Amino acid sequence: MLPERVRKCLQTDFFGKTILRFHKVTSTNDIAKELAAKGAEEGTVVIAETQTQGRGRIGRRWVSPTGGIWFSTVLRPDMTPTDALKLTLTAAVAVARAIRDTLELNAEIKWPNDVLIGGRKVCGILTEMSTRGQMVDFITLGIGINANVDLAAFPENLRSSTTSLRKELGREVDRERLLQALLEELESQYKIFVQQGFGQILKEWKSLATFLSSYVEVAVYDEKISGFATDVDRNGALLIKTEDGIIRKVTSGDVILQRH
Ligand code: BTN
């Protein structure tokens, strides 16, 4: 991955103005967090070819072999920590759109922020934050895209639910070009979110989220909630109508699509 190729003709005001590229790191979120704590500007991007301790949501490990797009961005939004979930959904819209527009693949979103192609996960998003008083100080938005990765590098239990862009396209993806398109899309969605609010983003998110109105099971800590995914509310929480007709609101967890 060559930062100068990503930056060439990059049409953004601040996303990717500074790009730091590493061969191997623990996690790009760790590096971005260190830089943010030292005052790195909003939009600073950290990319790595591999991560030795890539992190996923809910304390999971994120497998990060070479060939992927593993990066984190520093954001400094003026918002409360509860609004961070909305930012994660905003990023999922940007990833799905960039993949659709650049590669013409049918990328879809699974709540809250997995990007899937043909029901298989191709991208995950992890937002971590640091707070100051009641407000967000900075956010490290970490995005992992299985671009040209070898799926044999993934543990066997993940292979059937995971895909790569290379597998879906039958050819290598130009990672620099995709990252450039993604940074442009991220900036444009982020500006819409900050300037116009979450409503517009949520509309777009819903049009890309194909699992809505399906029967789902969500693992929330030790509990499993099953029912119809009826909607996502204005804060980004998933609403599930259970068999007894009660609407349960879920703000964190993992959705499993069920046959019913
Ligand atoms: C998930 O779906 O569980 C989220 C995965 C997020 C992975 C990315 S790769 C770049 C950044 N660095 C990390 O350690 N995690 C995120």
Side-chain angles (χ1 to χ4, degrees), residues 1-51 53-55 57 62 64 68-95 97-98 102 113 123-145 147 175-198 200-201 236:
M1 177 79 83
L2 299 170
E4 52 278 17
R5 270 204 74 211
V6 179
R7 262 195 308 263
K8 197 165 174 240
C9 308
L10 178 69
Q11 288 178 2
T12 58
D13 292 334
F14 52 95
F15 271 73
K17 286 288 154 194
T18 303
I19 302 180
L20 299 167
R21 183 252 182 198
F22 297 86
H23 182 63
K24 194 194 270 185
V25 297
T26 49
S27 156
T28 53
N29 267 26
D30 292 341
I31 313 289
K33 205 177 286 181
E34 277 172 35
L35 293 170
K38 287 186 200 149
E41 277 180 21
E42 183 161 68
T44 299
V45 169
V46 176
I47 313 173
E49 296 299 330
T50 57
Q51 303 182 112
Q53 289 167 46
R55 284 194 291 281
R57 286 174 55 238
W62 181 260
S64 320
I69 302 177
W70 322 125
F71 76 102
S72 303
T73 305
V74 176
L75 297 175
R76 300 187 178 278
D78 192 16
M79 63 171 61
T80 60
T82 7
D83 280 342
L85 175 62
K86 299 179 190 169
L87 196 59
T88 314
L89 270 68
T90 306
V93 168
V95 174
R97 282 188 63 152
T102 317
N113 51 13
C123 166
I125 301 169
L126 176 72
T127 36
E128 296 177 313
M129 73 181 118
S130 166
T131 53
R132 188 179 292 247
Q134 304 295 307
M135 299 300 280
V136 167
D137 182 12
F138 61 80
I139 282 182
T140 42
L141 171 68
I143 300 185
I145 303 179
R175 291 185 302 158
E176 285 97 347
R177 198 171 149 248
L178 179 61
L179 181 57
Q180 185 181 70
L182 177 53
L183 292 174
E184 288 169 0
E185 197 61 62
L186 274 170
E187 183 170 293
S188 116
Q189 298 297 331
Y190 181 62
K191 280 182 177 165
I192 295 175
F193 174 42
V194 170
Q195 289 161 12
Q196 298 170 34
F198 187 54
Q200 189 59 29
I201 302 285

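Computed from a predicted model, the values in this text were never measured in an experiment. Index from 1, following the sequence.
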**Message:** Holding to side chain to side chain donor-acceptor pair (under 3.5 Å), I want the full list of residues that pass it with E176, two or more places apart in sequence or in another chain.
**Reply:** R5
**Message:** Is any side-chain heavy atom of K86 closer than 4.5 Å to one of M79?
**Reply:** no
**Message:** Between I47 and T28, does the side-chain contact (heavy atoms from CB on, under 4.5 Å) criterion hold? Intermediate values first, please.
**Reply:** CA-CA 6 Å; I47 313 173; T28 53; 5.8 Å; no
**Asked** Looking only at heavy atoms, what is the nearest atom pair of S72 and N29, with distance?
**Response** OG-OD1, 2.5 Å
**Request:** Say whether Q134 and T80, considering side chains only, have a donor N or O and an acceptor N or O under 3.5 Å apart.
**Result:** no
**Item:** Taking every non-hydrogen atom, the tightest pair across C123 and I145
**Value:** SG-CG1, 3.9 Å
**Request:** Could you tell me whether the side chain of Q180 and the main chain of K8 form a donor-acceptor pair under 3.5 Å?
**Result:** yes
**Request:** Mind listing the closest non-hydrogen atom pair of A40 and V74 along with its distance?
**Result:** O-CG1, 4.1 Å
**Asked** Please walk me through it: do D137 and R76 pass side-chain contact (heavy atoms from CB on, under 4.5 Å)?
**Response** CA-CA 6 Å; D137 182 12; R76 300 187 178 278; 4.1 Å; yes
**Message:** Evaluate F138 against E42 for side-chain contact (heavy atoms from CB on, under 4.5 Å), listing each step before the verdict.
**Reply:** CA-CA 9 Å; F138 61 80; E42 183 161 68; over 6 Å; no
**Prompt:** Could you give the distance from CG (L179) to CZ (R7), rounded to the nearest 0.5 Å?
**Reply:** 11.0 Å
**Asked** Side chains of L87 and L141: closer than 4.5 Å at any heavy-atom pair?
**Response** no
**Fill in**
Heavy atoms of A91 and I125 approach each other most closely as C-CD1, 3.8 Å
**Asked** How many angstroms lie between atom CD1 of I31 and atom OG1 of T26, to the nearest 0.5 angstrom?
**Response** 5.0 Å
**Prompt:** Under 3.5 Å, is there a donor-acceptor pair between the side chain of S64 and the main chain of W62?
**Reply:** yes
**Message:** For G144 versus W70, what's the shortest heavy-atom pair and its separation?
**Reply:** CA-CE3, 3.6 Å
Side chains of residues 10-25: which donor-acceptor pairs under 3.5 Å do they make with residues two or more places apart or in other chains?
residue : atom : partner : partner atom : Å
T12     : OG1  : F15     : O            : 2.7
D13     : OD2  : K191    : NZ           : 2.6
K17     : NZ   : T12     : O            : 3.1
R21     : NE   : M1      : O            : 3.2
R21     : NE   : E49     : OE2          : 3.3
R21     : NH2  : E49     : OE2          : 3.1

**Request:** Considering non-hydrogen atoms only, spot the tightest contact between L178 and A98 and give its length.
**Result:** CD1-O, 4.1 Å
**CE-NZ distance between M129 and K33, expressed to the nearest 0.5 angstrom** = 10.5 Å
**Request:** Kindly compute the distance separating CD (E187) from CD1 (I192), expressed to the nearest 0.5 Å.
**Result:** 11.0 Å
**Prompt:** When rounded to the nearest 0.5 angstrom, what is the spacing between CD in Q53 and OG in S27?
**Reply:** 8.5 Å
**Request:** Supply the atom-to-atom distance L35 CG to E41 CD, rounded to the nearest 0.5 angstrom.
**Result:** 12.0 Å
**Prompt:** Yes or no on side-chain contact (heavy atoms from CB on, under 4.5 Å) for T73 and Y190, after CA distance, side-chain angles and deciding distance?
**Reply:** CA-CA 12 Å; T73 305; Y190 181 62; over 6 Å; no
**Request:** Verify the distance criterion only: is there a donor paired with an acceptor across the side chains of T88 and T127 at less than 3.5 Å?
**Result:** yes
